[in-house]
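Take a look at the structure below.
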Amino acid sequence: MTPLDDPDHRAFLIRDAHHALDFFDASIRTTGGFHVLDLDGTPLPGTVQELHTTTRLVHSYALAQMAGRPDRAGIVDQGMDWLWRAHRDRDQGGYLWALDRTAPVEGPKLAYGHVFVLLAASSAKMAGHPDADRLLKDITQVLDRHYWDDDAGLFRDEFTRDWQVFSSYRGMNANMHGVEALLAHHEATGDPRPLERAGRILDFFIAGQAAHHGWRIPEHYDDRWQPDHAYAGNPMFRPAGTTPGHSFEMARLLLQWWDLAGRPGADAPAQARALVETALADAWLPGGGLAYTLREGRVDNPARYWWPVTEAIGALAALIKLDPQPQDALWYRRLWDFAQSALIDQRQGGWFPELAPDGTPDARQFVGKPDIYHAIQADLLPLVPGLSRAAQALAATKPLKWNGTAD
C-alpha cells in the first residue's frame, strides 16, 4: 500500500483542506475583493490587492466546491465579479496587477498575473460558474494578442499598462504557471491548442534547458531566450539563481501534460523523476525543509517557505501514482512530517508561509498567510488517482463532502 492509499493519511488530507478553507473564508471584503489575512485570520489593514491573490482564491475554492465543500463565503462569486469589474482594464484591455480599493496601482501588466486569470476562468468553468465563459474568452484573446510568442513557443513577460515594450526580460515562472493554466483550459474546454502550447513550453524548459543544466531549470532569460544567470530581480517573484520549488511544479505539470497527450514515449516520466530527485538532493536542509534558491546546485538562499514543500508533495504524489519507487514513499512521508510539525497551523488552519532559523513562524518575506493555493493542492491532488483531470475526479468522488467526520 502506498501512502496515497492509507485511510488515515487520506482522512488527514481532508481535515487539513477543510481547516484551511474555514480559515480563508474570512478573506471576503464587504466592499469587494479580498482581504489578506494575518496569521490568526484577522484582516490586515492594507487595501492593495494583487491579481494573483484574486485568481488563486477563485481557483482554490472552485476546486474545493467541485470536491464537495460548499463555498459558504461566496469566494468564487466575489472573485469572478472582482476580476471582471475591477481588475479588468476597460480602457486598455488586459488585467491590472494591483488595485488600491478599485483604483489601479501603477505598474506593468505581467504575464504571471494574466495566466492566473486563465487558470481561474478555467477552474470556474469546470465548477459551472455562469461568468466563466466571458472571462475565458477575454483572457484568451489578451494572451494571444500580447503575450504569446508563437515563434518561440513561449510567453513574453511584461508590458506597460498601454502595452508598450519596456523590458527585454523573459522568465520561466510566468511560463510555468502558463503551462498550469493552459492544461486547465484544455481540461475545461477540450480545445487542443492549449495542450499543444503547454507541450512547447515544457519542451523548451525541460528537454531544452534542464537537461543541459544538471536537471536544474534556469529562471531568467533575455529576449533571445538565452539564460541570464546573473539576473537578480524581485526577491519573491524573480530571485537570483535557480528555484528548486519550481522543479517540483514543472515535474508535476510535465506528467499532467504527458497524460493528457496520450502518454507519448518514456521521456517525460524520466525527466520528471530527474527534476524531483535533483531538487530534493540539492535543497533539503539538515534541519528539515527546502531551501528557496540555489546557485550552481548549492544553497544560495536557505529561507524555508511553505510552498516548495507543498509542490514537492504534489510531485512525489504524481511519481507514486505512476511508478512508485521505495524512496518516493519515504520522501512523501518526510515532507508531510515536516509540514505537520513546522508549517501547518494546527490551531487556526492554513500553513505558515515561512520559518525563522529556529523553526518558528517568521515574517521577513511574507506578511500574514498570503494564500491557500499551494496548500489546498497539496491536500487535494493526492486524493485523486490520476495524473491529470484532477478537477473532474474531485467532482466525481467529492472527497470534501462533509458529514462531521473524515471518513
Side-chain angles (χ1 to χ4, degrees), residues 36 39 50 52-53 56 110 112 157-158 169-177 205-206 209-210 212-222 227-253 274-316 331 334-335 338-339 341-344 350-371 373-375 377-378:
V36 176
L39 295 181
E50 294 177 332
H52 71 302
T53 300
R56 287 175 169 187
L110 301 171
Y112 181 86
D157 259 79
E158 54 192 359
Y169 177 81
R170 304 288 186 267
M172 194 274 283
N173 197 7
N175 277 280
M176 178 188 72
H177 286 293
F205 285 108
I206 297 175
Q209 294 296 327
H212 295 93
H213 290 89
W215 295 106
R216 304 173 188 102
I217 310 173
E219 290 277 334
H220 311 296
Y221 299 79
D222 62 23
D228 184 352
H229 298 292
Y231 181 91
N234 181 296
M236 185 187 304
F237 295 109
R238 298 180 183 178
T242 62
T243 308
H246 287 162
S247 291
F248 300 125
E249 288 190 75
M250 286 292 266
R252 173 174 58 81
L253 294 169
L275 287 170
V276 171
E277 292 183 350
T278 300
L280 288 170
D282 286 344
W284 185 256
L285 296 168
L290 293 158
Y292 183 38
T293 63
L294 311 171
R295 293 271 194 163
E296 298 179 352
R298 294 185 292 274
V299 172
D300 183 49
N301 181 350
R304 293 180 296 172
Y305 301 147
W306 87 112
W307 71 263
V309 174
T310 68
E311 293 302 332
I313 286 167
L316 264 298
W331 272 113
R334 182 179 297 166
L335 289 158
F338 179 75
S341 65
L343 290 169
I344 296 175
W351 294 41
F352 299 116
E354 61 183 302
L355 299 175
D358 66 359
T360 58
D362 205 356
R364 300 184 191 189
Q365 183 65 63
F366 299 94
V367 178
K369 290 176 182 166
D371 67 36
Y373 157 78
H374 289 286
Q377 294 191 143

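Remember, predicted model here, so these are calculated numbers, not experimental data.
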Inset, instruction - Please name the pair of heavy atoms, one in Gly214 and one in Thr278, separated by the smallest distance, quoted to 0.1 Å. - result: O-CG2, 3.5 Å
Legend entry - ring-ring contact (aromatic ring centres under 6.0 Å, His included) against Trp351, all qualifying residues, sequence neighbours excluded: Trp336
Inset, instruction - Please report the shortest heavy-atom distance between Pro370 and Gly368, naming the atom on each side. - result: CD-O, 3.4 Å
Inset, instruction - Any chance you could measure Asp282, atom CG, to Arg216, atom CZ, to the nearest 0.5 Å? - result: 4.0 Å
Inset, instruction - Please state whether the rings of Phe338 and Trp284 are parallel, tilted or perpendicular, taking 30° and 60° as the class boundaries. - result: perpendicular
Legend entry - Minimum-distance pair of heavy atoms, taken over all atoms of Pro218 and Pro227: CB-CB, 4.1 Å
Inset, instruction - Using atom types as modelled and distance alone, determine if a side-chain donor or acceptor of Thr360 lies under 3.5 Å from a backbone N or O of Ala356. - result: no
Legend entry - Considering all heavy atoms, the nearest Val36-Val367 contact: CG1-O, 4.1 Å
Inset, instruction - Sort out for me which residue in Leu335, Leu290, Ile313 forms a side chain to side chain contact (heavy atoms under 4.5 Å, CB included) with Phe248. - result: Leu290
Inset, instruction - Report the relative orientation of the aromatic rings in His177 and Tyr373; use parallel for angles under 30°, tilted for 30 to 60°, perpendicular for over 60°. - result: tilted
Legend entry - Separation of Thr310 OG1 from Leu343 CG (nearest 0.5 Å): 9.5 Å
Legend entry - Check: Phe237 ring centre within less than 6.0 Å of His52 ring centre: yes
Inset, instruction - For the pair Thr293 (side chain) and Asn301 (backbone), establish whether a donor and an acceptor sit closer than 3.5 Å, ignoring hydrogens and angles. - result: yes
Legend entry - Parallel, tilted or perpendicular: rings of His213 and His229 (30°, 60°): tilted
Legend entry - Considering all heavy atoms, the nearest Pro357-Arg304 contact: O-NH2, 3.6 Å
Inset, instruction - Check whether any side-chain heavy atom of Phe352 sits under 4.5 Å from a side-chain heavy atom of Ile344, and report yes or no. - result: no
Legend entry - Side-chain (Glu354) to main-chain (Ala303) donor-acceptor, under 3.5 angstrom: no
Inset, instruction - Can you measure from CG (Asp362) to CG (Leu355) and round to the nearest 0.5 angstrom? - result: 8.0 Å
Inset, instruction - Please tell me if the side chains of Gln209 and Met172 come closer than 4.5 Å, counting only heavy atoms from C-beta onward. - result: no
Inset, instruction - With sequence neighbours left out, write down each residue that passes ring-ring contact (aromatic ring centres under 6.0 Å, His included) with Tyr292, or none if nothing qualifies. - result: Tyr305
Inset, instruction - Please round to the nearest 0.5 Å and tell me the distance separating atom CG of Asn173 and atom CG of Asn234. - result: 10.5 Å
Could you list the donor-acceptor pairs under 3.5 angstrom formed by side chains in residues 238-245, with sequence neighbours left out?
from, atom 1, to, atom 2, distance (Å)
Arg238, NH1, Tyr231, OH, 3.4
Arg238, NH2, Glu158, OE1, 2.9
Thr243, OG1, Glu219, OE2, 3.3

Inset, instruction - Mind checking the CD-NE2 spacing from Glu249 to His374? Nearest 0.5 Å is all I need. - result: 5.5 Å
Inset, instruction - Find out whether His246 and Ile217 are in side-chain contact, i.e. whether some heavy atom of one side chain is under 4.5 Å from a heavy atom of the other. - result: no
